[in-house]
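Report on the structure given below.
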Amino acid sequence: MSSMEIDLGLTFDNSYAEQLEGFYVACSGDKAPSPELVKLNSSLAKSIGLANIDSEKLAAVFSGSDTPCGASPLAQVYAGHQFGGFSPQLGDGRALLLGEVRDNDGRRLDLQLKGSGPTKFSRRGDGKAVLGAVLREYIVSEAMHALNIPTTRALAVVTTGESIMRSQFLPGAVLTRIASSHLRVGTFQFFSARGEQDKVKQLADYAITRHYPQVKESPQPYLDFLCAVRDKQAELVAKWLLVGFVHGVMNTDNMTISGETIDYGPCAFMDNYDSNAVFSSIDEQGRYSYNNQPVIAQWNLARLAETLLPLISDDSEQAIALATEAVTGFWDKFHHFWLVGMRAKLGLSTEEASDLALCEQLLETMSGQEVDFTQVFRQLASDLQSGANDSQTLFKDAEQFNLWRESWLARLAQETLSTPDRAKMMNGVNPLYIPRNHQVEHAIEAAERDADYQPFEKLIAVLSTPYTPQNGAADYAKAAPESFGCYTTYCGT
């Protein structure tokens, strides 16, 4: 239990705790034996008014040992479909929502600890996190932010002084993260499955006020709410695919209502392009593979729609028809966002009906060729400027690529954009640096084994400006060495 309150100078405004009684249980973090602040996201801290605070105080609060003044620590309850099977009660088993703060722009943000100890929802787990999983989420979530992809963000990493047993004993740690909220599809499912439709309505009204106030005055606010969530998720998943990101565990309890990426467990960025890429050790059927992510996003939205049916219309047949149309509309939205993104990646400044085929043909050409997904787009821009065709060297068999390249150059010739401007546009959306899996693992290993955070800090610095070449960072743009082998990630619980 927390032993004292500490003033961090934060002003809390805890709407979830105050307005949604029955949607959580109040609880506190465990007392950490020797908490130590090993990373503070200084710019993010300043944005919420957290500055010039003693590191020992921050370590005490961000380990869960003590509570910041004004906080209302709680664990949220939710349900969820996990790999297609429904679990009627999940909830924050190792997370603690301290409360809500405002940033310098007035945006309401959740402040949450991850790994601070067991809660009522821990389901026989220890509620703790290990350092490697915490550093992975810090690295990847901050990289996603720099790539302009909606995401929860990492505020701090604290080691606890504990050894946590997983497959072996590992250093314990707590991540402090920030999000627009932690409302999930699974939050709605929990109350819907219990037949508590009044609470589903209460939750929907809260979510609308917090995230989609523009639909409040609509004749069909709950249908429009569903459509708004759909559009956010369609854009989000399109952005994932455009940078080769595989979330790895798209359960309904891991899909946010706000449209932010959440819960970076068995996630990874592709090196070589593979439409069926899977990095999770437990995703044996490829349910959450790279190419299946939009399919699953729509499936999850259908589960949200089911909870909202009584709110959409008193006439069940009409409610089903309206919700079905809304969910079906996901594909048009997703394809729109994806094609807009692909046009930019290929330097297309105008729209032609043939663009979709051109984009899809490139991916087909890359398939099975062991082509680095990130490198090929940067190389295309470089080739435009040099007049060379070095891109072909990335392919084992360049014949099909060269045929595609002719079509691409012919398509570019239809436009008037200058080559320098086109290359600049491409390099502005095609990252040079992503969280390469071998670099992530190197940073984690150094920290876990030797308490050496230099590789972690260097990687974070490089990833903060992913589109701009940096001095001394050439290795971070390289693909994994062959010795790295097949990459698998594991859940941190």
Classify the ring geometry of F83 against Y288: parallel below 30°, tilted from 30° to 60°, perpendicular beyond 60°.
tilted

For the backbone of G106 and the side chain of D103, can you confirm whether one donor and one acceptor N or O come within less than 3.5 Å of each other?
yes

Any ion pair linking R94 and D30 (charged N to carboxylate O, less than 4.0 Å)?
no

May I ask you to decide whether K333 forms a salt bridge with E235, counting only side-chain N to carboxylate O separations under 4.0 Å?
no

Pairs touching residues 451-466 that satisfy salt bridge (charged side-chain N to carboxylate O under 4.0 Å, His left out), sequence neighbours left out:
K39-E457

Evaluate whether atom NZ of K232 has more than 12 neighbouring non-hydrogen atoms of other residues, nucleotides or ligands under 6.0 angstrom away.
no

Hey, does the side chain of N41 reach the backbone of A156 with a donor-acceptor pair shorter than 3.5 angstrom?
no

Of T176, L459, L155, V157, the one forming a side-chain contact (heavy atoms from CB on, under 4.5 Å) with Y138 is V157

Please check if the side chain of Y290 supplies one atom and the backbone of L241 the other of a donor-acceptor pair under 3.5 Å.
yes

Would a distance-only check, ignoring hydrogens and angles, find a side-chain to backbone donor-acceptor pair under 3.5 Å from S289 to G286?
yes

Carboxylate-amine/guanidinium proximity below 4.0 Å for D198 and K201:
no

Could you tell me whether D110 and R210 have a side-chain N and a carboxylate O separated by less than 4.0 Å?
yes

Are the charged groups of D126 and R166 less than 4.0 angstrom apart, N to O?
yes

Atom NZ of K199 with >12 non-hydrogen neighbours under 6.0 angstrom
yes

Carboxylate-amine/guanidinium contact D92 K114, below 4.0 Å:
no

Indicate the ring-plane relationship of H247 and W240, choosing parallel, tilted or perpendicular according to the 30° and 60° boundaries.
parallel

Is R107 paired with D105 through a side-chain N to carboxylate O contact shorter than 4.0 Å?
yes

Ignoring hydrogens and geometry, is there a side-chain-to-backbone donor-acceptor pair from S116 to G64 under 3.5 Å?
no

Is the backbone N or O of Q19 less than 3.5 Å from a side-chain atom of Q202, with the two atoms forming a donor-acceptor pair by type?
yes

Donor-acceptor check, side chain of Q470 to backbone of V462, threshold 3.5 angstrom: yes or no?
yes

Residues forming a salt bridge (charged side-chain N to carboxylate O under 4.0 Å, His left out) with E260, sequence neighbours excluded
none

Looking only at heavy atoms, the pair that brings P73 and C27 closest together is CB-O, 3.0 Å

Should the ring pair F191 and F23 be called parallel, tilted or perpendicular, given that the plane angle runs from 0 to 90° and is split at 30 and 60?
tilted

Counting N and O atoms only, with roles assigned by atom type, does the side chain of D283 sit under 3.5 Å from a partner on the main chain of V278, one being a donor and the other an acceptor?
no

